[in-house]
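Worth saying up front: this structure is predicted, and the values here are computed from it rather than measured.
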Amino acid sequence: MLDIQALRNDLEGVVSQLKRRGFVFDAAKFTALETERKTVQTRTQDLQAKRNQSSKQIGMAKAKGEDVSAIMAEVAGLGEQLKSDESRLSELQLELQNMLLNVPNLPHVSVPDGVSEADNVEVRRVGVPRVFDFPVKDHADVGAPLGLDFDTGAKLSGARFTLMRGQIAKLHRALAQFMLDTQTEQHGYEECYTPYLVNAETLVGTGQLPKFEEDLFSLAHNDSKLYLIPTSEVTLTNTVRDEIVPLEALPIKLTAHTPCFRSEAGSYGRDTKGMIRQHQFDKVEMVQIVHPEKSDEALEEMVGHAEHILKALALPYRVVSLCTGDMGFGATKTYDLEVWLPAQNTYREISSVSNCGAFQARRLQARFRNEQGKPELVHTLNGSGLAVGRTLVAVLENNQQADGSVTIPEVLRPYMGGLSSISVR
RNA sequence: GGAGAGCUGGCCGAGUGGUCGAAGGCACUUCCCUGCUAAGGAAGCAUACGGGCUUAAAUCUGUAUCGAGGGUUCGAAUCCCUCGCUCUCCGCCA
């Protein structure tokens with residue numbers, strides 16, 4: 001959520017910044033709502049003040065045993081006017097709130113302008129794609145004989161679900177374990193196990209709701225609804241909702257390995273083969289809650305934490321700075337890590353690291369006590385470290401051998417019982 | 001699933017219709033006192049959103065907030081209703 005003060009003080013400026021990312025803000029509607037809100041709020045508060053004062057007088061008079069009928073008569077007419085003003089005011093505030101909840105974050109000045117993926121800017125490339133002396137297979141073909149079972153996944157649940165068996169399942173688990181161990185032991189994140197089902201308030205906090213409900217899976221629960229998390233960014237970041245943490249507690253660094261559930265509405269027909277785009281996938285997520293002055297550097301640091309995994313696995317990748325038009329709703333700046341997939345002959349997203357500034361913190365009322373002892377909004381960041389399913393895809397494709405086996409990266413071997421390669425037995 | 005208890009400020013905790021945004025304590029901040037390692041004294045100390053003043057801040061002022069929402073009332077932390085959460089006991093259960 002944007003700071004409503006910024007909209008009041010510099011509407012033009014905010015509108016033009018939003019335009020950079022292709023969002024059209026209805027300034028006229030906002031101004032109209034604001035003007036009326038101001039009038040109604042002032043009037044309401046005046047009436048309330050009058051009522052409070054009179055009620056106080058009644059109390060004092062009664063205590064002395066005096067007659068209160070004169071004051072009572074004075075207050076008599078206030079009720080109805082007050083009631084209608086109060087309800088109009090809350091309507092207006094609700095409408096303003098809803099308007100704000102649907103406005104994306106402002107892009108950081110360093111974010112390149114653009115309208116789509118095509119305008120993203122490559123920051124650096126690391127590693128050299130391997131040259132194959134045999135026809136390269138995609139991960140589905142490499143994986144199928146090794147235990148990557150799309151047919152059964154489809155039978156059990158439908159499209160975009162996969163069953164993993166045997167060594168593939170173990171490799172998948174090894175990847176997750178390795179990532180989690182690395183983020184906790186080498187980069188200082190606290191390991192968390194979080195709920196996979198969350199309430200609506202939690203999703204409003206990180207910005208998935210109210211705007212992106214169609215992207216989520218949900219379950220009826222009593223009279224309410226619970227949602228399957230689309231990422232553990234949601235649960236990890238919401239740990240500080242409605243909290244005022246002491247200055248010394250920052251930065252808070254959390255990580256979790258969880259499944260993620262996404263309806264993938266609007267991506268029909270894209271990546272239908274294989275396990276690039278699934279309704280359910282595992283991810284090791286990193287979240288940082290930081291002092292506002294530290295968020296820019298924390299972003300760079302987190303990109304490094306994600307890159308560390310790719311380097312350790314010896315997977316070629318590139319870092320891309322997302323353009324204004326391609327960034328997520330809550331981000332002020334985002335780097336994507338794209339891993340080399342030889343079968344697709346291209347780099348594909350495997351991690352996304354974002355600085356959300358105070359955008360989520362304002363929705364969450366997540367604050368810290370600043371140097372002056374006053375509560376101030378924190379900055380929040382999140383990033384994948386990494387998407388486990390896509391990493392499995394990358395390992396299968398990049399490490400495939402002519403005989404159909406797949407070499408296990410060195411760092412994963414301890415997690416694989418010392419195995420250096422997997423193959424059809 | 002059944003029965004009961006509770007939810008008040010950063011924390012503990014008092015408060016059952018009127019001058020209560022809320023006693024008292026702890027913690028914290030500033031000042032004073034004292035030289036002996038901690039004690040004593042004074043003051044301050046919630047958040048959000050408006051309005052006035054201001055370049056801005058400070059400050060002043062109004063409103064709201066005692067788990068959430070609704071109701072009764074001139075007036076609600078206090079009474080009524082609905083919901084949420086926590087705890088205890090019983091049952092069931094990985």
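With sequence neighbours excluded, no residue forms a salt bridge (charged side-chain N to carboxylate O under 4.0 Å, His left out) with A:Arg173. In this structure A:Asn355 satisfies the side-chain hydrogen bond (donor to acceptor under 3.5 Å, both in side chains) test together with A:Ser295, sequence neighbours excluded. A:Pro292 is linked by a side-chain contact (heavy atoms from CB on, under 4.5 Å) to A:Phe368, A:Glu376, A:His379, counting only residues two or more places apart in sequence or in another chain. Take A:Ala27 and apply the side-chain contact (heavy atoms from CB on, under 4.5 Å) test, not counting sequence neighbours, and it matches A:Leu11, A:Val15, A:Phe25. Legend: residues meeting ring pair (Phe, Tyr, Trp, His ring centres under 6.0 Å) with A:His279, ordered by chain and number and at least two apart, are A:Phe161, A:Phe217. Scored by the salt bridge (charged side-chain N to carboxylate O under 4.0 Å, His left out) test, A:Asp149 finds A:Arg165 as partners (sequence neighbours excluded).
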Distances under 3.5 Å only, N/O to N/O: pair up the protein atoms with those of nucleotides 74-79 of chain B.
unit_1, atom_1, unit_2, atom_2, d
B:C74, O2', A:Ser55, OG, 3.2
B:G75, O4', A:Ser55, OG, 3.1

Enumerate all atom pairs, one protein N or O and one N or O from nucleotides 11-16 of chain B, separated by less than 3.5 Å.
none

Using a cutoff of under 3.5 Å, can you pull out all pairs of nitrogen or oxygen atoms linking the protein to nucleotides 51-61 of chain B, with atom names and distances?
unit_1, atom_1, unit_2, atom_2, d
B:G51, OP1, A:Lys38, NZ, 3.1

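Atom name C1', nucleotides B:C33 and B:U47: the rounded distance is 36 Å, in whole Å.
Annotation: the span from A:Leu148 atom CG to A:Leu396 atom CG amounts to 6.5 Å, rounded to 0.5 Å.
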Could you pull out every donor-acceptor pair under 3.5 Å between side chains of residues 55-64 of chain A and any protein atom, sequence neighbours left out?
unit_1, atom_1, unit_2, atom_2, d
A:Ser55, OG, A:Arg51, O, 3.0

Atom pairs and distances, donor-acceptor, side-chain atoms in residues 302-311 of chain A, under 3.5 Å, two or more places apart:
unit_1, atom_1, unit_2, atom_2, d
A:His305, ND1, A:Tyr189, OH, 2.8
A:Glu307, OE1, A:Arg124, NE, 3.4
A:Glu307, OE1, A:Tyr317, OH, 2.5
A:Glu307, OE2, A:Arg124, NH2, 2.6
A:His308, NE2, A:Gln186, OE1, 3.4

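Look at CG on A:Asp85: it is 15 Å from C1' on B:G62, rounded to the nearest Å.
The side chain of A:Gln48 approaches B:U63 more closely than any other nucleotide in the set B:G10, B:U19, B:U63.
Formation of a donor-acceptor pair under 3.5 Å by the A:Gln401 side chain with backbone atoms of A:Asn399 is found in this model.
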ask   = If pairs are Watson-Crick or G-U with both distances under 3.5 Å, what is the dot-bracket string of RNA chain B, marking crossing pairs with [ ] and pairs to another strand with |?
value = ((((((((.[[[..)..(.....]]].(((((.......))))).((((((........)))))).[[[[[..)....]]]]])))))))....

